[in-house]
Amino acid sequence: MADSGIPTPPICRTCGTQYAEPRPDCPVCLDERQYVGRDGQRWTTLEELREEGQTGRFEEEGPDVLGVGCTPGFAIGQRALLLRTSAGNVLWDCVPYLDDAMVRAVEELGGIDHIAISHPHFYSTMVEWAHAFDAPVHLHEADRRWVGRPDPALKFWSGRTHRLSDELTLINPGIHFPGSAVLHWSAGQGALFTGDVVNVCPDARWVTVMYSYANHIPERPQAVRAAADLLGGYRFERIYGAWWNRVVTSGGNEVLARSVERYLRFEEGLVG
């Protein structure tokens, strides 16, 4: 990450997506699941963010799970998660900011063996992270068109599941985006890492799903039901959402089932 004197590619200030070349628009923000800011399309670079005072943020979020982000918050404001597994370290989801101090901190923890991302809103600077740690990035083939910076480090998978190791399975539940992914970690009592494909609510006894969180568009009931049936086949005590401290710490399977039942009651008009 040392400064080479060559500016890094542009980053959308609204969603944090990095593109290979300067462009007038951000396709991710033009999509109905996101938005263009009130001030119009605005861009930055990693160099500008460093000059503005961004720094890395690291906080434990659970057993062998380290939250990775930046402060002050930027763009969508998500945090990534570094999973320290028996098969190596996996970065789940990604954040737009990265600097030398963050690279050193992660290297001291053993670096990153794999990067896996839930959906296009969190693609951010995934290529920068891949290059910094010489790690492949696992993305679902169905969302290939949202990649803003193509690179050989990007590895596309297809179908409903993809194994990263004996303990780690990527699952495509087919909600929020066609190629959305969640990650199941079977170790211990099990954990599900969902980004906001399945969003952990402020009241962590509940989760919810939306087609668009920014524009309050609900997800299709039939897709929610199918996703719940698929994910219910896995055992997980904890559910890790996309933002700091959004973690269901116990009863994950029951929380998902109860939350989906509530969602479907409202969406199918069975309440009121």
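This one's a predicted model, so the numbers in the text were calculated from it and none came from an experiment. Positions are given from 1, in the same order as the sequence printed here.
Of the possible donor and acceptor atoms, one in the side chain of D99 sits under 3.5 Å from a partner among the backbone N and O of A101. Side-chain N or O atoms of D143 include one that pairs as donor or acceptor with a backbone N or O of G179 at under 3.5 Å. No donor-acceptor pair closer than 3.5 Å links the side chain of D196 to the backbone N or O of A242. Using a distance-only test at 3.5 Å, with no hydrogens or angles considered, a donor-acceptor pair links the side chain of R160 to the main chain of N172. In terms of modelled atom types and a separation under 3.5 Å, the side chain of N215 and the main chain of Q34 share a donor-acceptor contact. Put simply, the side chain of Q54 gets close to the backbone of P72: a donor and an acceptor are under 3.5 Å apart.
Looking at heavy atoms from C-beta onward, F193 lies out of side-chain contact with V182 at the 4.5 angstrom threshold. Side-chain contact check for N199 versus V207: every heavy-atom pair is 4.5 Å or farther apart.
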Requested in this report: May I have the step-by-step check of side chain to side chain contact (heavy atoms under 4.5 Å, CB included) for V95 and W129, ending in yes or no?
Outcome: CA-CA 9 Å; V95 294; W129 284 83; 3.6 Å; yes

Query raised in the report: Can you list the steps and then say if Y123 with Q18 is a side-chain hydrogen bond (donor to acceptor under 3.5 Å, both in side chains)?
Result: CA-CA 8 Å; Y123 285 179; Q18 187 181 55; over 6 Å; no

Report task. Check the pair L164, T169 against side chain to side chain contact (heavy atoms under 4.5 Å, CB included), reporting the backbone distance first and the verdict last. Result -> CA-CA 6 Å; L164 290 182; T169 303; over 6 Å; no

Requested in this report: Could you check L183 against L168 for side chain to side chain contact (heavy atoms under 4.5 Å, CB included), going step by step and ending with a plain yes or no?
Outcome: CA-CA 7 Å; L183 178 65; L168 297 169; 4.1 Å; yes

Query - Chi angles and distances behind the side chain to side chain contact (heavy atoms under 4.5 Å, CB included) call for L109, L82 - result: CA-CA 9 Å; L109 295 171; L82 185 69; 4.0 Å; yes

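Evaluated for a salt bridge (charged side-chain N to carboxylate O under 4.0 Å, His left out) with R79, the options E59, E60, E61 yield exactly one hit, E61.
Ion pairing between a basic and an acidic side chain is recognised when a charged N comes within 4.0 Å of a carboxylate O; E108 and R104 show no such pairing. Taking the charged nitrogens against the carboxylate oxygens, E48 and R50 have no contact shorter than 4.0 Å, which rules out a salt bridge. Under a 4.0 Å N-O distance rule, the pair R149/E21 does not qualify as a salt bridge. Salt bridge E268/R225: present, at least one basic N to carboxylate O contact under 4.0 Å.
Aromatic rings from F122 and H119 are positioned such that their centres are separated by under 6.0 Å. Taking the six-membered ring for Trp and the full ring otherwise, the centers of H176 and H121 sit less than 6.0 Å from each other.
A cation-pi geometry, defined here as NZ or CZ lying under 6.0 Å from the six-membered ring centre and within 45° of its normal, holds between R144 and F156. Remark: R57 is positioned above the aromatic ring of W244, its terminal NZ or CZ atom under 6.0 angstrom from the ring centre and at most 45 degrees off the axis. Seen from the ring of F177, R33 counts as a face-on cation partner, given the 6.0 Å and 45° thresholds. Taking the ring centre of W206 as origin, the terminal cationic atom of R262 falls inside the region bounded by 6.0 Å and 45° from the ring axis.
Every side-chain hydrogen bond (donor to acceptor under 3.5 Å, both in side chains) that H138 has, sequence neighbours left out, goes to H114. By the side chain to side chain contact (heavy atoms under 4.5 Å, CB included) test, Q222 pairs with R220, sequence neighbours left out.
Defined by atom type and a distance below 3.5 Å, a donor-acceptor pair is present between the side-chain atoms of Y240 and R238. Y263 and E219 share no donor-acceptor pair across their side chains, judged by distance under 3.5 Å alone.
Residues in residues 15-50 take part in these ring-ring contact (aromatic ring centres under 6.0 Å, His included) pairs, two or more places apart or across chains: Y19-W43. Among residues at least two apart or in separate chains, there is no salt bridge (charged side-chain N to carboxylate O under 4.0 Å, His left out) pair with a member in residues 163-173. Residue pairs meeting the salt bridge (charged side-chain N to carboxylate O under 4.0 Å, His left out) criterion with at least one partner in residues 173-191, sequence neighbours excluded, are absent.
No more than 12 heavy atoms of other residues, nucleotides or ligands lie within 6.0 Å of CD in Q189, so this atom counts as exposed by the packing criterion. The number of heavy-atom neighbours closer than 6.0 Å to CG of D203, taken from other residues, nucleotides and ligands shown, is above 12. For R258, the CZ atom counts as densely surrounded, since its 6.0 Å shell holds more than 12 non-hydrogen atoms of other residues, nucleotides or ligands.
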Identify each donor-acceptor pair in which a side-chain atom of residues 246-253 lies under 3.5 Å from a protein atom, sequence neighbours left out, and give them as a table.
{"unit_1": "R246", "atom_1": "NH1", "unit_2": "V200", "atom_2": "O", "d": "2.7"}
{"unit_1": "N253", "atom_1": "OD1", "unit_2": "F236", "atom_2": "N", "d": "2.8"}
{"unit_1": "N253", "atom_1": "ND2", "unit_2": "Y234", "atom_2": "O", "d": "2.7"}

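Here the CG atom belonging to L83 is positioned 10.0 Å from the OG atom belonging to S165, to the nearest 0.5 angstrom.
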